[in-house]
Amino acid sequence: MKMEKTRKNLSGKERLFEILEVLKKHNVIKGVDPVKLRKILEDLGPTYIKVGQILSNRPDMLPQEYIIELSKLRSNVNPMGYQEILNILTEEYDKKLFQLFLSIDRNPLGSASIAQVHKAVLKDGKDVVIKVQRKNIKEIMIADIRVLKKALGMLHVQSLFKNIVSFDDVLDELLTTTLEEMNFLIEAEHIEEFYQENKDIKYIKVPKVIKNLTTEKVIVMEYIDGLSISQTDELINSGYDLDEIGSKLADNYIYQAIDVGYFHADPHPNNIIITDGKIGYIDFGMMGRLNSRNKDLLKKCIVAIFNNDIREVERILLILGDTKKEINHSKLCNELQLILDKNKSTGIADINITKFANELLNLLGNNGITLPKDITMLVRGIVVLEGTLETVSPSINLLQVFENRVKNISLKELLSKDNLLKETGHIMSSIGSLNRLPYDLHTFFKGVSRGETKFNVEITESNKILDRFEKMIHRIVVCILDVAFILGAALMVSNGINSNDKRFLFYLYVAVGFIFTIWLFIKMYLDKLNRKK
């Protein structure tokens, strides 16, 4: 990518013409497919590679074929020269570079759109890695984003993608996240937090940050020596059990997401190392966080999916998501049911989690529902992890791990002290409400007699549903009358039945209540028989 070397010498106008030339070269007027989009971003340089990486994290915005193709951008960035690395480090450490480091490897361990990583040795002989931010990358990316917006507007590129993706949204998100990602002090905080959350898990390894050598543009951390999780043959030769690695990796990732709510958002094989019997995470530039509300809702949604409770799934998704249009609840529930039914017959062990996640996200998008960014990051992380597990241990099923952990969590939460106290409070509150029941019934019937009580309903189906609804209302009225007669009889007993008139009224209440009760049970039984037919 020659553009990358000359970018800092270009004015905004020159860069705009350069972008237009690249778009013209790839003939975007005739349309854009996944491969063409990836090549365009590669030709345009680091800023646009970063755009592609952000897009690859948004399965809610792009079809799966685009996600797969753009995911290839992670390893397609030209490295900076060794002298340029030394110049940046010398400037950052105020010309004291080799008073701090004994040596710095010439060849990078990795090169990305924002930074490059080199192995080094400190003066005390400790092996470390140095992550060095590209020169002026923040200023370049901010300027490029503004120029790109102009270029896309001039060529009306958005119209070619129609509803596939909103480039304005992507570029705005890129601009927002750029400032945070360019500050390596924030990434150092991410590593420290991730370490604290996983320090009690013996099989997880998190590198320690060398804080006194970390700045906004350079981060220095402990070097983890080991094998990439994708080097399966070498791992087997070293005596590792691949199924054990896969099982622990899956369980820990679900722990991050469901228990902690703070997770590594890119569990790609290149970011996971096996060392000394431990699973080591590296590169913490992309982390996700679920707030306590969304974390609890996500757990409930997973339980509802496993229980095939469509109404609960819909309710939670609508709470979690942002709705852009009026929701057709009947249509949404039917489409959710189709997805769950299709996978229900398959069995959890055979469900393709990538396909399932994409179908669910596409369904939500088609119904005008957008999930929060960190939820979609987690979905994408789970899809990436599923691919990683396919490499190391195909027999491990992430959905099965999900189900087991959620069931365990649900049981623990049910028996927890806080939950027991809360439920006891609910029970006491409900008992207290019973004292108001006669008064509430009296008020209800008073409202009915005056025409003040109304039933507000939304009819979205045919006359058949209307008939069923009308029957339901009739039975509710009979049920309420039944309760009223039974309560009346109970109150008479509590107040004493001394006269013949009161005895007659008591027996009348009991008889009418008994008739209503028998009638309701007969109707329920007949309804059950009709449903079976």
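Only heavy atoms go into these numbers, but all of them, side chains included; no hydrogens, no water, no symmetry mates.
- Residues Arg380 and Asp266 form a side-chain contact, since some pair of their non-hydrogen atoms from C-beta on lies under 4.5 Å apart.
- In terms of modelled atom types and a separation under 3.5 Å, the side chain of Asp124 and the main chain of Lys126 share a donor-acceptor contact.
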Run the side-chain contact (heavy atoms from CB on, under 4.5 Å) test on Val128 and Val121 for me, step by step, so that the C-alpha distance in whole Å, both residues' side-chain angles and the decisive distance to 0.1 Å come before the verdict. CA-CA 6 Å; Val128 295; Val121 180; over 6 Å; no
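- Looking at heavy atoms from C-beta onward, Gln116 lies out of side-chain contact with Glu84 at the 4.5 angstrom threshold.
- When all heavy atoms are compared, the tightest approach of Asp374 to Gly288 is OD1-CA, 4.0 Å.
- With respect to Thr214, the side chain to side chain contact (heavy atoms under 4.5 Å, CB included) criterion is satisfied by exactly one of Ile130, Ile191, Val209: Val209.
- Here the side chain of Asp33 pairs a donor or acceptor atom with the backbone of Lys36 at under 3.5 angstrom.
- The distance from the CG atom of Leu235 to the CD1 atom of Ile245 is 5.0 Å, given to the nearest 0.5 Å.
- Checking Leu297, Leu290, Asp296 one by one against Arg293, the side chain to side chain contact (heavy atoms under 4.5 Å, CB included) holds for a single residue, Leu297.
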Give every donor-acceptor pair under 3.5 Å between a side-chain atom in residues 386-393 and any protein atom, sequence neighbours left out.
| residue | atom | partner | partner atom | Å |
| --- | --- | --- | --- | --- |
| Thr388 | OG1 | Pro267 | O | 2.8 |
| Thr388 | OG1 | Val384 | O | 3.2 |
| Thr391 | OG1 | Gly387 | O | 3.3 |
| Ser393 | OG | Asp243 | OD1 | 2.5 |

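- Ring geometry for Phe101 versus Tyr93: interplanar angle of 30 to 60°, hence tilted.
- Residues Asp283 and His268 have side chains that never bring a donor and an acceptor to within less than 3.5 angstrom of each other.
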Passes side-chain contact (heavy atoms from CB on, under 4.5 Å), His26 versus Asp43? Steps please. CA-CA 10 Å; His26 291 280; Asp43 283 350; 2.8 Å; yes
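- Closest approach of Leu336 and Leu363 over heavy atoms only: N-CD1, 3.7 Å.
- Distance alone, capped at 3.5 Å, is enough to place a donor-acceptor pair between the His264 side chain and the Ile282 backbone.
- Panel note: side chain Arg38, backbone Gly52; no donor-acceptor pair is recorded below 3.5 Å.
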Evaluate the salt bridge (Lys or Arg N to Asp or Glu O under 4.0 Å) criterion for residues Lys248 and Asp251: first the C-alpha distance (whole Å), next the side-chain angles of each, then the deciding distance (0.1 Å), finally the verdict. CA-CA 5 Å; Lys248 287 180 175 178; Asp251 193 65; over 6 Å; no
Pair Ile279, Asn252 - check side-chain contact (heavy atoms from CB on, under 4.5 Å), show working. CA-CA 10 Å; Ile279 300 171; Asn252 176 250; over 6 Å; no
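- Formation of a donor-acceptor pair under 3.5 Å by the Ser228 side chain with backbone atoms of Ser230 is found in this model.
- Partner Pro207 forms a side chain to side chain contact (heavy atoms under 4.5 Å, CB included) with one of Tyr195, Tyr223, Phe284 and no other, that one being Phe284.
- Looking at Leu378 and Leu298, their side chains come closer than 4.5 Å, going by heavy atoms from C-beta outward.
- The CD1 atom of Ile375 sits 9.0 Å away from the SG atom of Cys301 when rounded to the nearest 0.5 Å.
- With hydrogens and angles disregarded, a donor-acceptor distance shorter than 3.5 Å links the side chain of Tyr240 to the backbone of Gly277.
- Looking at Arg134 and Ser111, their side chains come closer than 4.5 Å, going by heavy atoms from C-beta outward.
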Apply side-chain contact (heavy atoms from CB on, under 4.5 Å) to Ile302 and Ile258, showing your working. CA-CA 10 Å; Ile302 294 168; Ile258 299 299; 3.9 Å; yes
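- Note on Lys138 versus Glu216: no salt bridge recorded, every NZ/NE/NH1/NH2 to OD/OE distance being 4.0 Å or above.
- Here the side chain of Asn198 pairs no donor or acceptor atom with the backbone of Val206 at under 3.5 angstrom.
- Between Leu338 atom CG and Glu359 atom CD the span is 10.0 Å, to the nearest 0.5 Å.
- Taking 4.5 Å as the limit, some side-chain heavy atom of Leu41 sits within range of a side-chain heavy atom of Leu70.
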Walk me through it: do Asp259 and Lys295 pass the test salt bridge (Lys or Arg N to Asp or Glu O under 4.0 Å)? CA-CA 8 Å; Asp259 290 34; Lys295 187 174 65 173; over 6 Å; no
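- Ring-plane geometry between Tyr281 and Phe194 is classed as perpendicular, the angle between the planes exceeding 60 degrees on a 0 to 90 degree scale with a lower cut at 30.
- Here the closest non-hydrogen pair linking Gln133 and Met182 is NE2-O, 2.6 Å.
- In this structure, Val22 and Ile40 have side chains that are in contact, with non-hydrogen atoms separated by less than 4.5 Å.
- Between Lys217 and Glu91 there is no salt bridge, since none of the side-chain N atoms of the basic residue sits less than 4.0 Å from a carboxylate O of the acidic one.
- Between Gln83 and Asn87, the side chains place a donor N or O and an acceptor N or O closer than 3.5 Å (distance only, hydrogens not considered).
- In summary, the side chains of Tyr203 and Glu244 do not present any donor paired with an acceptor at a separation below 3.5 Å, with no hydrogens or angles considered.
- In terms of heavy atoms, Phe184 sits closest to Ile219 at CD1-N, 3.7 Å.
- To the nearest 0.5 Å, the span separating CD1 on Ile229 from CG on Asn270 amounts to 11.0 Å.
- Looking at every heavy atom in both residues, Ile224 comes nearest to Ile273 through O-CD1, 3.9 Å.
- Leu249 has its side chain out of reach of Tyr253: every pair of non-hydrogen atoms, C-beta onward, lies at least 4.5 Å apart.
- The local environment of CG in Asp276 is sparse, with at most 12 non-hydrogen atoms from other residues, nucleotides or ligands closer than 6.0 Å.
- For the atom pair Leu242 CG and Ser247 OG, the distance stands at 12.5 Å (nearest 0.5 Å).
- With hydrogens and angles disregarded, a donor-acceptor distance shorter than 3.5 Å links the side chain of Thr275 to the backbone of Asp225.
- Using a distance-only test at 3.5 Å, with no hydrogens or angles considered, no donor-acceptor pair links the side chain of Glu312 to the main chain of Ala304.
- The line from CG of Leu332 to CD1 of Ile369 is 5.0 Å long, rounded to the nearest 0.5 Å.
- Met287 places none of its side-chain heavy atoms less than 4.5 Å from the side chain of Gln256.
- Looking only at distances, a side-chain donor or acceptor of Lys123 sits under 3.5 Å from a matching main-chain atom of Phe98.
- Under a cut-off of 6.0 angstrom, the local environment of NZ in Lys208 is sparse, with at most 12 non-hydrogen atoms contributed by other residues, nucleotides or ligands.
- Closest non-hydrogen pair, Leu122 versus Leu102, comes out as O-CB, 3.6 Å.
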